[in-house]
Structure formats: structure tokens, C-alpha cells
Amino acid sequence: MTQSLLLFTFGPVQSFIAQARKTQDLYAGSYLLSHLARTAAQAMQASGGQLIFPDVEYASLPNRLLALYETTEQEEQEGIGLAIEKAVRREFEEIGEHILNALSLAKPGEFDSQLKKHLEIYWVFHPLSSDTYLEDYNSLTAYLGAVKRTRIFGQLIEAGPKCTIGGEHNVVFYRKKKSNKRFRTGLKLPDQIPQKFMKDGEGLGAVNFIKRCAEIYFEAQPESDFEKEFPSTARVAFMDTWHRLDQKEPEKKWPWQGIEEQLIFEMIEKNGNIPDIEVDEATREVYERVRSHKVCPYYAIVCFDGDDMGKLYGTSDIKRETSPLDFHKELSRKLQRFAKVAAKEVIVWPKGQVVYAGGEDFLGFLNLKHLFEVMIELRERFGQIDLAPFTDEKLTFSAGIAIAHFKSPPLYEMLKWARRMEQAAKDIDSGKDAFGLAVIKRSGEVNSSVYKWRADNQWLPQIYNELVGHLQRRDFSPFFIRYLSLSLSRLISDDGYFEGDEQIVKAEIKRLVGRASLLTEKKKENKRAFGDGGDATTITIEEMVNKVEMLYKNSQSQGISNFLDALNIVAFLERVMEP
């Protein structure tokens with residue numbers, strides 16, 4: 001026995017990414033973690049390790065790495081593990097050094113200590129037998145879990161104003177408003193430092209400061225593809241409008257790169273009257289072009305995670321003629337290939353923007369016009385990952401989607417909602433393969449529902465999409481949703497128990513959908529437009545009833561409120577989305 005496996009991981013991940021005021025912070029956090037994972041992978045290879053996963057040929061890398069070494073000597077293993085850990089920590093600190101030097105900033109007293117204490121790094125070696133790879137891998141993951149649970153905390157003694165993004169560390173740099181006496185520690189940022197790195201009234205700890213300024217480091221790296229101008233939530237909401245403008249007037253070069261969509265939305269809200277703000281000619285031109293249209297100010301944030309991936313990596317249920325080690329390599333490679341496809345082929349302008357795609361783990365922003373089609377395409381392509389040479393298992397994932405106005409709630413709250421809905425999807429049953437969708441309205445009201453991706457050979461997100469479309473085309477009045485909610489809500493007891501039965505619900509759906517039909521009026525209009533032999537009506541009342549019943553039937557395990565919230569989400573999307 002001369003070989004061993006090394007499992008290496010680091011964090012924090014969720015909090016590091018989620019501490020964000022703007023989309024650029026979110027993207028920078030994800031990019032930094034992927035960069036540190038690449039640093040770890042390179043250090044593994046430099047120390048003689050054969051990487052099993054991830055595949056460094058792909059752009060986004062997860063924070064979990066596995067390598068094979070030709071040694072079982074404990075002293076040598078310890079040296080290797082410490083060297084990789086040191087390489088990652090050193091790279092993190094050198095990013096901070098580079099940014100300070102590039103901005104000609106003095107180093108605050110707590111800068112180094114905050115960076116050194118931030119990363120949580122864990123690694124474990126385990127001997128590898130020639131014929132027990134899978135058992136050794138499972139033991140390795142169990143040992144790593146035990147190490148992570150035995151966490152050693154360094155004492156954190158920081159008294160003073162806290163970082164306005166993270167709230168954990170003291171402020172090391174701040175930009176003061178004239179009337180603001182909040183910051184008493186840290187260094188005041190010189191006026192010549194661009195506002196994009198820190199706005200008035202902000203104070204940042206070392207970690208969030210280097211996230212905010214990450215582009216300074218990565219633009220000096222020849223092979224970096226770091227995006228300096230990650231789309232804001234307002235731009236994501238406006239993407240499809242830009243696309244339609246470009247299609248309608250392809251000869252015109254709309255200057256969208258230099259326009260703040262947030263200002264256009266504010267002008268629409270206030271009928272063009274924006275006091276105390278000078279509006280440039282290009283922005284005014286775009287506003288005049290879209291002011292008479294229904295421009296949607298809402299966007300979606302989407303996250304998903306593969307179902308039972310840890311169990312799949314540890315499974316012994318693979319074909320006899322195959323190797324578990326080769327299975328791990330192939331599974332990781334195909335997951336990363338899917339991530340590349342998601343970022344480069346599925347979520348492209350004007351559908352949205354990917355924040356992070358590491359394989360089975362994904363985070364991104366979507367324009368509402370393309371929400372449901374992208375959801376379905378992502379799930380469909382994930383399920384098409386071919387592992388047939390190794391196993392008959394089909395991959396699934398559970399997703400969380402949160403929809404909100406670009407102004408509110410704050411981005412970190414939106415991330416919480418997306419993760420909350422992802423967890424709700426994972427809790428639907430042991431088979432998972434579900435999605436959770438929440439709408440956070442500006443009033444503070446929240447509608448949320450959870451469904452399986454497919455039922456009766458139909459995509460449930462497509463049912464959502466079709467219902468929204470029928471309401472937008474005025475096939476049916478959206479008021480039936482309100483009346484159905486009122487009718488069925490009366491049958492919910494004080495303790496939340498629904499006292500009706502399936503027949504009552506179906507009867508109410510049929511009655512109210514029938515009353516809401518506008519197809520007779522549309523048929524008359526179509527007859528006038530198309531003549532006696534023409535009719536543009538493509539749906540019947542019965543078909544509409546079936547679609548609504550599909551949401552009800554597949555919501556019974558979640559309760560009547562899940563169904564009613566789903567319909568309220570449909571009604572909301574009909575109101576805010578462009579037809």
C-alpha cells in the first residue's frame with residue numbers, strides 16, 4: 001500500500017458570497033472562491049498529486065478537491081497538506097497586498113489579521129488500497145466531516161464600527177458623508193479612489209474591501225476573464241427591453257453600456273420628472289422610446305443544487321466492469337461541462353447572467369420574460385448528463401427562485417429567499433427533483449409555492465408560463481384567481497386545516513374559470529379580423545380548467561395554500577411582465 005487520497009476543502013462559501021450589497025460584490029465573491037480553488041489545484045499538482053476532481057480545464061471550480069498521491073508517509077502527507085493550505089492563504093493575502101499597492105493605500109492595522117483569520121481550510125489524507133477505492137473514499141469524507149465538526153475558533157477581539165456589508169469585522173477603510181460621525185476606526189479613503197469601489201457612507205472590513213476591488217487584481221492577470229461590469233439587478237430586469245429595442249431598430253446602436261437602467265425605471269415611475277438629477281440625452285432618448293410600454297422592473301435570482309450528489313459519489317451501485325475512480329473523474333468532468341453550457345449557451349443575453357456555475361451548484365440572475373423557459377432548459381440539460389457507462393442513475397436537482405423588484409428587498413435578503421426556496425424544494429419528499437418559487441412584493445407580502453419539476457409528462461414551470469400567457473392575451477380575466485382564493489380560503493380552519501375536498505375544489509375551479517372566460521368576445525373579434533373561416537382562439541375553457549387543476553393536483557401534499565399561492569404568483573406575473 002503506497003498510495004493515499006487527499007480531500008481538501010475551504011470556506012466559508014455561503015456567507016462569503018452572500019455578503020453583498022450589489023451584484024458585482026456577489027460575482028466577485030464567487031470568482032474569488034473559484035480562483036482560490038484553482039490555486040489549491042495547482043498546488044496539489046505541483047506537490048505530485050494526481051487530481052481526480054475537479055477538472056482545472058473549466059473556468060468555475062468548486063471548493064472541494066480530491067487528489068491521489070504516491071505516498072503513505074504521515075510526515076510527508078502533513079507537509080503536502082500544509083503546503084497547499086499555505087499556498088491558498090498566501091494567494092488570498094497577496095490579492096489584498098496587490099490591491100493596496102495599486103491604489104497607493106497604506107495598510108490599516110487590522111487588515112492582515114482579518115484576511116488571515118477569514119479562511120477555514122480543512123484537509124484529510126487516507127491510505128488507498130488497490131481494490132477498495134470506494135470504501136477508502138467514503139472513509140475519507142467521513143473523517144473530513146469529523147474534522148469540520150471539531151472547529152477551532154481563534155479569539156476575535158474587535159471593538160468598533162463594523163463592516164457595513166458583513167457586520168463581522170471592524171471597518172478598515174471608510175468613505176465618510178459630511179454629516180456622518182459613525183466611523184471612528186480605519187482609514188478614510190482618498191477622494192481620488194473611484195466611487196465604484198466604495199460609496200459615501202460605506203465602511204468595509206478587509207475581506208469585503210478586496211471583494212469590492214477584486215477587478216484591480218484580476219485585470220493584472222493575463223488569463224483572467226473577470227467581468228468588471230457585472231449587470232445590476234435593474235439591468236437584468238431591463239434586458240429583454242433592450243433586446244426588443246435592438247431587434248426593432250437593428251441599425252441603431254443603442255448606448256446601453258453607458259446608461260443606468262435604474263434611472264429609466266425612476267423616470268417611468270415619475271412620468272419623466274426627476275428633480276435635481278441631470279438626465280443625459282441618451283438616457284432621455286431610451287426613456288422616450290419605452291415610456292409607453294409596460295417595462296417590467298422585477299428580476300429573479302435562481303440557485304440550484306444537485307440532489308443526493310454526496311450519496312452518488314459514495315455509491316457502490318456502479319457497473320462491475322467500471323472503476324469508481326474513473327466514475328468520479330467522469331462525473332466531475334460532465335458536471336463541469338454542464339456548468340460551462342449553462343453559462344455560455346443557456347443563460348445568455350437577454351435571458352440573464354450567471355454568477356457561479358460549478359457543476360451541480362449554480363447561482364444566477366434571470367430576466368422574468370425568460371424565467372420559465374430557462375428553468376426548464378437547465379433542468380432538462382442537467383437530466384441529460386450521460387453516465388450510462390457507469391450507472392443507470394439519472395441526475396436531478398432542486399432549485400430555489402426568488403422574484404423581487406430591483407429596488408427591494410436588499411440583495412442579501414433575496415439570496416436568503418432563494419436558498420430558503422431551494423431548501424423547501426429539497427424537503428418536498430425523499431425523491432426531491434423539485435423547485436420552489438417565491439415572489440417578494442414591495443408591500444412586504446410574500447407568495448411562495450413548491451412543485452415537482454414534472455407531472456404527467458408535463459413541465460410544471462411550463463404550466464405557470466402558459467397560465468401567465470393566457471391572462472396576458474386576455475383569454476381569461478385574472479379576477480378568477482382572486483375569487484377562487486376568497487372562496488377556498490373560507491374553508492381553511494383557524495389551525496390551517498383545509499376542510500374542503502377535491503370535488504369542491506374542482507367544482508370551484510370549473511365554475512370560476514368558466515365565468516372568467518373572455519373567449520366569446522375574442523372569437524367575435526377574431527371573426528371580424530379573420531373572416532368566417534378564421535379563428536385565432538387556441539384554447540378552450542376545458543383546457544384552461546385542466547391547467548389550473550394540474551397545479552392543484554400536484555400541490556395536495558403541500559396543502560391548499562401552496563396552490564393558492566401558485567395562482568397568486570401567476571396573477572402577479574401577469575400584472576408586472578411585458579406581454
Side-chain angles (χ1 to χ4, degrees), residues 20-25 164 175 177-180 194-196 199-202 229-249 252-301 349-350 352-353 365-371 402-414 417 438-447 468 471-472 478 568-569 571-579:
R21 273 194 167 181
K22 32 185 202 175
T23 57
Q24 188 72 35
D25 296 338
T164 52
R175 180 160 259 157
K177 289 181 179 177
K178 289 183 180 179
S179 60
N180 193 335
Q195 287 274 331
K196 68 181 296 185
K199 292 186 177 182
D200 290 339
E202 278 192 313
E229 300 295 334
F230 194 86
S232 65
T233 53
R235 173 154 295 178
V236 172
F238 206 77
M239 277 182 178
D240 191 70
T241 301
W242 277 124
H243 180 62
R244 288 187 291 105
L245 286 175
D246 287 339
Q247 283 189 320
K248 199 162 189 177
E249 301 181 59
K252 183 174 180 59
K253 302 297 181 183
W254 290 99
W256 59 269
Q257 287 285 10
I259 290 177
E260 290 189 25
E261 289 82 359
Q262 181 172 345
L263 182 57
I264 295 176
F265 280 123
E266 290 179 2
M267 293 174 72
I268 292 172
E269 279 187 0
K270 299 177 181 179
N271 294 320
N273 181 25
I274 306 291
D276 303 324
I277 297 179
E278 185 176 341
V279 181
D280 62 84
E281 184 177 343
T283 300
R284 177 68 65 178
E285 183 181 0
V286 175
Y287 162 71
E288 293 296 338
R289 184 68 185 81
V290 303
R291 62 183 298 186
S292 59
H293 298 277
K294 187 178 183 181
V295 184
C296 178
Y298 287 79
Y299 73 99
I301 185 166
W349 177 274
Q353 185 76 33
F365 294 95
L366 294 181
N367 179 273
L368 284 198
K369 187 74 173 179
H370 304 276
L371 172 63
I403 298 171
H405 194 281
F406 76 90
K407 280 187 175 182
S408 61
L411 188 56
Y412 65 87
E413 287 292 340
M414 282 293 289
W417 268 109
V439 168
I440 299 92
K441 301 176 184 177
R442 297 190 76 181
S443 64
E445 180 188 359
V446 177
N447 293 128
V468 172
L471 297 183
Q472 288 185 323
N568 283 319
I569 289 172
F572 173 82
L573 293 177
E574 183 274 329
R575 288 197 303 272
V576 302
M577 284 172 59
E578 302 166 68

Exercise for the section: Look only at the side chain of Gln24 and the backbone of Lys196, and say whether a donor-acceptor pair between them is shorter than 3.5 Å. Expected result: no
Problem - Minimum-distance pair of heavy atoms, taken over all atoms of Pro297 and Val295 - result: CD-O, 3.3 Å
Problem - Plane angle bin for Tyr299 and Phe365 - parallel if under 30°, tilted between 30 and 60°, otherwise perpendicular - result: tilted
Exercise for the section: Of all the heavy-atom pairs spanning Gly201 and Thr164, show the shortest one and how long it is. Expected result: O-CG2, 4.3 Å
Exercise for the section: Heavy atoms only: give me the nearest His293-Arg289 pair and the separation to one decimal. Expected result: CD2-O, 3.5 Å
Completion exercise
Here the gap from Ser232 atom OG to Glu261 atom CD, rounded to the nearest 0.5 Å, amounts to 5.5 Å
Exercise for the section: Give a yes or no on whether a salt bridge exists between Glu202 and Arg175, defined as a side-chain N under 4.0 angstrom from a carboxylate O. Expected result: no
Practice task
Answer yes or no: are there more than 12 heavy-atom neighbours, outside Lys199 itself, under 6.0 Å from its atom NZ?
Solution key: no
Handout entry: Side-chain (Arg235) to main-chain (Phe230) donor-acceptor, under 3.5 angstrom
Key = no
Fill in the blank from the handout: For Ala404 and Pro409 the tightest heavy-atom approach is CB-CD, 3.5 Å
Exercise for the section: Starting at CD1 of Ile440, measure out to CD of Glu413 and round the result to the nearest 0.5 Å. Expected result: 9.5 Å
Exercise for the section: State whether the number of non-hydrogen atoms from other residues, nucleotides or ligands found under 6.0 Å of Glu281 atom CD is greater than 12. Expected result: no
Problem - Main-chain N/O of Lys407 paired with His405 side-chain donor or acceptor, under 3.5 Å - result: yes
Handout entry: Interatomic spacing from CD in Glu266 to OH in Tyr287 - rounded to 0.5 Å
Key = 12.5 Å
Practice task
Could you tell me whether Phe265 and Phe238 have their ring centroids closer than 6.0 angstrom?
Solution key: yes
Handout entry: Considering all heavy atoms, the nearest Ala402-Met414 contact
Key = O-CE, 3.3 Å
Handout entry: Thr23 side chain vs Thr233 backbone, donor-acceptor pair below 3.5 Å
Key = no
Practice task
Nearest 0.5 Å please: distance from the CG atom of Leu366 over to the CD1 atom of Ile403.
Solution key: 9.5 Å
Exercise for the section: Specify the closest pair of heavy atoms between Ile259 and Val286, including all atoms of both residues, with the distance to one decimal. Expected result: CD1-CG2, 3.6 Å
Fill in the blank from the handout: Interatomic distance, NZ@Lys294 vs CZ@Arg575, rounded to 0.5 Å, equals 9.0 Å
Practice task
Check whether any side-chain N or O of Lys22 sits under 3.5 Å from a backbone N or O of Leu411 as a donor-acceptor pair, and report yes or no.
Solution key: no
Fill in the blank from the handout: Here the gap from Asn367 atom CG to Asp240 atom CG, rounded to the nearest 0.5 Å, amounts to 5.0 Å
